[in-house]
Amino acid sequence: MLIITHVVIAVLGLAEATYGLIAPSRGKLRITYALTAATLASGAYLVWSLHAPILQSCLSGLTYLSLILAATLATHYRLAKQAHTLDI
């Protein structure tokens, strides 16, 4: 059951990060942060409790983090650009 929860949280995190790219806001960034932290925590617990191979888990985790990081940085950039445009 925890594996399904882990996958659902990860997919929701990717969906929220993508939605943040489409319509950036601070709230969407906070949700993305929370879902990313929950994904990492549940993944670490799964590796620990199931004694899963660490290399495969780390590669999957790093891939997930790189996608989330790229989307989050782009959202930050777009949000800052919006704020600068509104100031002018």
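- With rounding to the nearest 0.5 Å, the separation of OG1 in Thr72 from CG in Leu79 is 12.0 Å.
- The distance from atom CG of Leu69 to atom NE2 of His76, rounded to the nearest 0.5 Å, is 9.5 Å.
- Using a 4.5 Å heavy-atom threshold, the side chains of Leu40 and Leu65 count as touching.
- Of all heavy-atom pairs spanning Gly13 and Thr32, the tightest one is O-CG2, 4.5 Å.
- With contacts defined as side-chain heavy-atom distances shorter than 4.5 Å, the pair Ile31/Tyr19 does not qualify.
- Closest approach of Leu14 and Tyr64 over heavy atoms only: CG-CE1, 3.9 Å.
- Between Lys28 and Thr75 there is no side-chain heavy-atom pair separated by less than 4.5 Å.
- A heavy-atom distance below 4.5 Å is not found between the side chains of Ile68 and Leu35.
- Under the 4.5 Å side-chain contact rule for hydrophobic residues, Ile9 and Ile3 do not share a cluster.
- Across all non-hydrogen atoms, the minimal contact from His6 to Ser42 is ND1-OG, 2.6 Å.
- Under the 4.5 Å side-chain heavy-atom criterion for Ile, Leu, Val, Met, Phe, Trp and Tyr, Ile4 and Leu12 are members of the same hydrophobic cluster.
- In this structure, Arg26 CZ and Tyr33 OH are separated by 9.5 Å, a value rounded to the nearest 0.5 Å.
- One hydrophobic cluster, built from ILVMFWY side chains closer than 4.5 Å, holds both Leu2 and Trp48.
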